Amino acid sequence: MEFDFRRIEEEYRKYWIENEVYTVTEDSTKPKYYVLDMFPYPSGAGLHVGHPLGYVASDIFSRYKRMKGFNVLHPMGFDAFGLPAEQYAIETGTHPQITTDKAIATYKEQLAKIGFSYDWTREVKTCDPDYYKWTQWIFLQLFDSWYNKESNKAEKIETLLARFEKENRTVDVDGQPKQWNLLTEDEKQMHLMHYRLAFQSYTEVNWCDALGCVLANDEVKDGKSERGGFPIERRKMKQWSLRITAYADRLLEGLETLEWSESMKEMQRNWIGRSEGALIDFKVKDREDFIKVFTTRADTIFGATFLVLSPEHELVEQLVTAEQKSTIDEYVAYVKSRSDVERQQEKKVTGAFTGAYALNPFNGTSIPIYIAEYVLAGYGTGAIMAVPADDERDKKFAEKFGLPVIEVIDKSMYPGATIEDKLGKMINSEFLNGMEVKDAIAKMLDEVESRNIGSRKVNYKLRDASFSRQRYWGEPIPVKYKVVGEPDSPLKGESDDIPYALSASELPLVLPEVDSFKPSGDGRSPLANNADWVAKNYETDTMPGYAGSSWYFLRYMDPKNKEAFAAKDKLDYWQNVDLYLGGNEHAVGHLLYARLWTKVLFDLGYLPFDEPFKKLVNQGMIQGVSNFLYRIENENKFVSSSIVDGYLHDEVKVDSIRTNIEFVDNKYELDVDAFIKWRPEYKDFDFERSNGAFHVMSVVEKMSKSKYNVVNPDDVIATYGADCFRMFEMFLGPIEQSKPWDDKGISGVSSFLRKFWRLFYSETAWKVTDETPTDKELKVLHKTIKKINEDVEKMSFNTSVSQFMITVNELQDLKCSKRAILEPLVLCLAPFAPFITEELWKALGNKGSVHKAAFPALEEKYLVESEFEYPVSINGKTRASIALPADISQEDALAKVMEIEMVQKWMEGKPVKKFVFVKGRIVNIVV
RNA sequence: ACCCGGGUGGUGGAACUGGUAGACACGCAGGACUUAAAAUCCUGUGACACUUAAAUGUCGUGCGGGUUCGAUUCCCGCCCCGGGUACCA
């Protein structure tokens, strides 16, 4: 009987749905396991073979865990708000909802074909009002909370209000001190904004004129928008932000508890960028001003020979002396003329002297004050004390401007230590002399504080996260403005309204219809085009893309709940995600925000855990293989790649023209007619072939529609079947590695599946027998069970597939078609190839789905070897081998080994100097 | 520049805690079956040397050193590739 995967796949897809095989409910008798894929943004292009790589891996793992007795939550949904659908809407007028629904339908159809075990009854879509009602609700919690540094957690804003009232605290209102109880309601609200976790403020944002939108820092690359590469300018706008900086330390500490790759943790650590140091005040000579600098190396202060301020520093204008004024103005103008890209690319040493001097707070030395663009306004205090002896950039600056260098650290006892290493003994540093750097730093921090010239300070690179988008296709921010119209409100700008949260009962605040999806143009979102919306004084900004994805893993636990984002008992049962699979491009965006939201909800008592994803695995990318034709430049001629070398000389220039990979077979031969049909402009070209064939050359690059190198899983499945597709994706290599899609190897997996099938069926009939298996056959089976167990646990799926191939080859050699061997094998293979195993499981006479059966138990007794074939080495080189009993003693082994003819030959009559015997491994004789 | 990965046959890749390097698969070559093709099956396949053959030897996991009876694995120095971050005081 033929292995008819088309019939089988169709039958069991239906069977699984009708019998709700993958529907999961809370079951307190079983341990839970939560396996999650990063949900996709459903793009109009559909899935290519790279997308399901992680999904296949997590599906195998989920199925395996289920068979091991776990109650597995394995859901899927869609990150459905976002820019591409909106861009498309702007261009075509099609409502993003329509585009999105269509794309989701395509995705679901494609996913179904691959045979995933998702519980689709738990599907979530972030653009669904029943879902984003709770995204909005969580926003209200953020708005209604502050971070209490004493308890080190978020608390309800009422606790802060109660404090202010009780203490009648004096607060700053427009630069004037004022007692809390004398403040107006509006002033109180304005002040609370400085504490709320979701807050509004005037911030410099990355304004992108082309997108009509503000972008988050991580959406900006090299001064251009990540999407589209449009220019970005800095602009002050009233924006919603999340106070993620309050959580910097906890986000950092939490990493220690997680099973994430070191590189992933490192990226988050770098992003948070914690550095411990001190703020130190330098008095300006002959003036009352102080310059505050941030330094991590207070110990080197005696080597500080100048200060450097950022050109934007507020004191620059006041400090500059009359004779230096023109120099400074010129330099500031120069810096302004340089784009961010230029500043990053060419790191020229530039700067200018202000003419002013500052006094070293420890010894009163007078040191010059410079400005330079290498000091950033946005980090620390925008001012540094420069120690050219112990900092590379300061050193270069000192060299260029002829400034003195005072050595303060003797590194002579640390050969090889670089200038960056915090190693050495202090010199020329008064009371620090002779101390180790580490001790000197600690001592100095104490001194700075006790002498009252500064304070300890922890600095972070992490900035608060912008939460406003001037976009249509996102969650409306559930806030209403009360028009107060006070002329001197602390929030100055085009509007002086005060935002008030909607009550939870008013949610969801449903995204209204608009006439145009274009931004209003004045910096507000398309919602400003809806008169009704504006009349109700609703916020016109919407939430950013990461809002819905920051908590979706919680909604899967209880997706239809109308009373809460998820019921407490369900949260208690499922807890956090045990295994999270996704691409590493979300290292600092999504993963950091999801951790933040989890911690806030935990602090407020809504969650029983404060880290969302215990274990994280990043699947690699599957790249595409693009194909190109060689074209002789300025001639209407293409040359087959196999003979192009003949043209590669100086007089002839060869160009490459991209072709769609559809027209190329797996021997890199181009279907010229199909190519010409696709690109008629080349129909009159000459195609120079070799031996009648026209070959193309190939390049590995990102798989993308625009590169015409996309392989659609639907096509692969139509040709080879879903089981084959799944196993081939795994067979390609380790899950975390990036690799090009190359379907040359797929025939190996395909023939494996047919070989497996033929253990059960001859050409005409069922051939499985009830004979008792031999020890040899049982050993093959249990060896397989053991290997699959080990491999799946460490997610080494490529080696699992190899093992299945080995097993089938061995059983074929043994001509084994015994039920006692094949039935457990079907179970082992079920997580990998869910269709064929379901069919064979039924054919073996079993009721119910194979995917609800238990994974076969390993019986070690079948694996015990009575003998081992030892390799015998002389002086470390393998020269012979000998079979010895497993329990042989070293002495007996030596005696046996010495009998071997080859051993005698290689020893050349020399005496045994040492005999190494590693049980079950190797024998080595040293002569 | 720094941080994290990685470098193994013609190709994708395998190798437990230091213990027979190259599993498994592709490709290639030869053979069987077939009118033929597909499918299937069998044999060989790291390089070099030697040999009629069986066999055998030398080299070989990016490069150079080291530790060890023994190194793809551990240590030191260097080269290259991929990813991330970047004038962060």
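Each chain gets a letter, A, B and so on, in the order the sequences are listed, and its residues count up from 1. Quick caveat: nothing in here was measured; it's all calculated off a predicted structure. The figures that follow rest on heavy atoms only: side chains count, while hydrogens, waters and symmetry mates do not.
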N/O contacts under 3.5 Å, protein versus nucleotides 21-29 of chain B?
from: B:A23; atom 1: N1; to: A:Ser802; atom 2: OG; distance (Å): 3.4
from: B:A25; atom 1: OP1; to: A:Asn809; atom 2: ND2; distance (Å): 3.0

Rounding to a whole Å, what distance do you find between [X]:[atom1] and [N]:[atom2]?
| X | N | atom1 | atom2 | answer |
| --- | --- | --- | --- | --- |
| A:Ile272 | B:C3 | CD1 | C1' | 15 Å |
| A:Asp391 | B:A1 | CG | C1' | 13 Å |
| A:Leu307 | B:A89 | CG | P | 17 Å |
| A:Phe728 | B:G13 | CZ | P | 11 Å |
| A:Lys794 | B:C16 | NZ | C1' | 7 Å |
| A:Trp271 | B:C2 | CH2 | C1' | 17 Å |

A:Glu256 and A:Arg269 ion-paired at < 4.0 Å:
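Salt bridge flag = yes for A:Arg269 with A:Glu256.
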Cationic N near anionic O, under 4.0 Å, A:Arg6 to A:Asp4:
no
Between A:Ser750 and A:Lys461, name the one whose nearest nucleotide on RNA chain B is closer to the 5' end.
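This one resolves to A:Ser750.
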With RNA chain B as reference, determine whether A:Lys914 or A:Asp394 sits nearer its 5' end, using the nearest nucleotide of each.
A:Lys914
State which of [options] makes the closest approach to the side chain of [X].
| X | options | answer |
| --- | --- | --- |
| A:Pro871 | B:U20, B:G13, B:G19 | B:U20 |
| A:Arg879 | B:U58, B:G70, B:U40 | B:U58 |
| A:Arg393 | B:U20, B:G13, B:C88 | B:C88 |
| A:Glu262 | B:U20, B:C69, B:C4 | B:C4 |

Between A:Gln803 and A:Thr807, is any side-chain donor less than 3.5 angstrom from a side-chain acceptor?
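Yes, side-chain donor-acceptor contact under 3.5 Å.
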Applying the Watson-Crick and G-U wobble criteria at under 3.5 Å, what pairs with B:C69? Answer none if nothing qualifies.
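The base-pairing partner of B:C69, which may sit in any strand shown, is B:G19.
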Any strand is fair game: report the nucleotide pairing with B:U11 by Watson-Crick or G-U wobble, both distances under 3.5 Å, or none.
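B:U11 is paired with B:A25.
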Could you give the distance separating B:G82 and B:A29 at their P atoms, to the nearest angstrom?
33 Å
Interatomic distance at C1', B:C42 relative to B:G64, whole Å
46 Å
Ring center gap for A:Tyr720 and A:Phe728 short of 6.0 angstrom:
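No.
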For the ring pair A:Phe397 and A:Phe306, is the centre-to-centre distance below 6.0 Å?
yes
Classify the nucleic acid contact of [X] as base, sugar-phosphate or nothing, counting any heavy atom under 4.0 Å across all strands shown.
| X | value |
| --- | --- |
| A:Gln737 | sugar-phosphate |
| A:Arg758 | sugar-phosphate |
| A:Pro734 | sugar-phosphate |

Hey, does the side chain of A:Asn459 reach the backbone of A:Ser275 with a donor-acceptor pair shorter than 3.5 angstrom?
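Absent.
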N/O contacts under 3.5 Å, protein versus nucleotides 42-51 of chain B?
none

Start with the C-alpha distance between A:Asp391 and A:Arg393, add both sets of side-chain angles, then the distance that settles salt bridge (charged side-chain N to carboxylate O under 4.0 Å, His left out), and finish with yes or no.
CA-CA 6 Å; A:Asp391 183 282; A:Arg393 291 154 310 172; 2.9 Å; yes
Mind listing the side-chain donor-acceptor pairs of residues 917-927 of chain A below 3.5 Å, one per line with the distance, residues two or more places apart or on another chain?
from: A:Asn924; atom 1: OD1; to: A:Gly876; atom 2: N; distance (Å): 3.1

Assign the ring pair A:Trp741 / A:Phe725 to parallel, tilted or perpendicular, where the plane angle (0 to 90°) is split at 30° and 60°.
tilted
